[in-house]
Amino acid sequence: MTTWTAESFVGGHPALDFVNTVGGRTKDRDVEWLHDFTDAAGWARAAGVLDNAEHDYLLARAENDPAEASKALTDLRAQREALHEFLVADIDGIECPAAVRERVKSDITTAHREARLSDRYRTQSAWVTDVTELGLRVLSVRMALASAALLAGDERSQVGGCGRCSWLYLDPSPSRRRRWCSMATCGNRAKAQRHQRRGDRA
């Protein structure tokens, strides 16, 4: 089971922390953190996407229906990778593949159809989703709604990518000079690499 720490949540937005649930030391996204649905539910609780009661309900449902849990996890990973590719395309100034763009659009439009518009939008989320109605798909729906909020809000202009790994984050600074997902990880690795190169040249 994956343990979620503060270093797991450097994105500054739930949608970015979601795409950061896979990574590694390079851009290859070759280290998976959502090994099973239990990991996905644990991440969602740590990220504030689920409360404790919702988390426990989903774990019990996943245990009772492993096939549903496997499908939900597969769909969630595919949703995550499409969102990551869509965001990175704009960061890098390249054209996003049409199939990827359509996947992101489909996830968001489906989520809005399945959510209920709250009449208490000033004090709670504008879009309400019921875990007992949606079942294990609730994670996918809630992350699609978070993605929609990111893409529609002013924060979309603050999305940046780590210069060393594939993780994304918000950089609200006026200069937009943030280079690393975290100085404690990629920043220190880059610094150590620079020191090593200087030593090799000496």
Side-chain angles (χ1 to χ4, degrees), residues 1-56 58-59 62 72-73 75-88 90-91 104 107-108 111 124-127 129 131 136 138-173 176-191:
M1 181 184 298
T2 301
T3 300
W4 304 103
T5 67
E7 285 300 320
S8 306
F9 300 96
V10 300
H13 191 282
L16 301 182
D17 288 328
F18 173 52
V19 301
N20 293 347
T21 56
V22 65
R25 296 190 175 192
T26 69
K27 299 284 187 181
D28 291 339
R29 294 178 71 75
D30 54 354
V31 179
E32 176 64 71
W33 300 109
L34 302 184
H35 302 292
D36 52 37
F37 189 83
T38 300
D39 290 328
W43 173 85
R45 178 173 62 176
V49 175
L50 294 174
D51 62 29
N52 288 336
E54 292 172 329
H55 170 265
D56 294 346
L58 291 185
L59 287 193
L73 180 65
D75 289 345
L76 193 66
R77 287 175 174 173
Q79 175 182 349
R80 177 192 64 189
E81 293 312 296
L83 179 61
H84 182 268
E85 188 172 353
F86 177 80
L87 295 172
V88 169
D90 192 47
I91 293 171
V104 174
D107 288 333
I108 290 173
Q124 65 181 34
S125 174
W127 296 100
T129 51
V131 67
L136 305 188
V138 72
L139 295 187
S140 175
V141 170
R142 289 185 181 178
M143 294 322 304
L145 293 172
S147 303
L150 174 66
L151 295 174
D154 293 338
E155 290 176 322
R156 66 182 185 274
S157 65
Q158 301 172 7
V159 178
C162 181
R164 190 175 181 87
C165 75
S166 70
W167 279 19
L168 306 181
Y169 51 77
L170 292 181
D171 180 6
S173 65
R176 302 285 197 272
R177 295 184 63 183
R178 179 174 171 179
R179 298 180 60 193
W180 317 115
C181 59
S182 169
M183 276 304 300
T185 53
C186 286
N188 283 340
R189 288 178 192 138
K191 187 185 299 183

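The residues of the chain are indexed from 1 along the displayed sequence.
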Of the non-hydrogen atoms in [X] and [Y], which two are nearest, and what is the gap between them?
X      : Y      : value
Ala44  : Leu139 : CB-CD2, 3.5 Å
Leu83  : Ser147 : CD2-OG, 3.1 Å
Arg178 : Tyr169 : O-OH, 2.9 Å
Leu73  : Ala40  : CD1-CB, 4.3 Å
Ala15  : Leu150 : CB-CD2, 4.1 Å
Gly11  : Asp17  : N-OD1, 2.8 Å

Do [X] and [Y] come within less than 4.5 Å of each other through their side chains, counting heavy atoms only?
X      : Y      : value
Val159 : Leu170 : yes
Val49  : Val138 : no
Phe37  : Leu76  : no
Val88  : Leu168 : yes
Leu59  : Thr38  : yes
Ser140 : Asp75  : no

Partners passing side chain to side chain donor-acceptor pair (under 3.5 Å) against Asp56 (at least two apart in sequence or in another chain):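 Once residues adjacent in sequence are excluded, Asp56 has no partner under the side chain to side chain donor-acceptor pair (under 3.5 Å) criterion.
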Partners passing side-chain contact (heavy atoms from CB on, under 4.5 Å) against Leu151 (at least two apart in sequence or in another chain): Phe86, Leu87, Val104, Ile108
Residues in side-chain contact (heavy atoms from CB on, under 4.5 Å) contact with Arg176, at least two apart in sequence or another chain: Ser157, Gln158, Asp171
Qualifying residues under ring-ring contact (aromatic ring centres under 6.0 Å, His included), relative to Trp127, sequence neighbours excluded: His112
Of all pairs that satisfy salt bridge (charged side-chain N to carboxylate O under 4.0 Å, His left out), the ones with a partner from residues 45-54, not counting sequence neighbours: Glu54-Arg142
Qualifying salt bridge (charged side-chain N to carboxylate O under 4.0 Å, His left out) pairs, either residue in residues 76-85, two or more places apart: Arg29-Glu81, Glu32-Arg77, Glu32-Arg80
Does [Y] offer a backbone N or O that forms a donor-acceptor pair with the side chain of [X] under 3.5 Å?
X      : Y      : result
Trp167 : Thr21  : no
Asp39  : Gly42  : no
His84  : Ser166 : yes

[atom1]-[atom2] distance between [X] and [Y], expressed to the nearest 0.5 angstrom:
X      : Y      : atom1 : atom2 : value
Arg25  : Cys165 : CZ    : SG    : 11.0 Å
Asn20  : Cys162 : CG    : SG    : 9.5 Å
Cys181 : Glu7   : SG    : CD    : 8.0 Å

Parallel, tilted or perpendicular: rings of Trp4 and Trp43 (30°, 60°): perpendicular
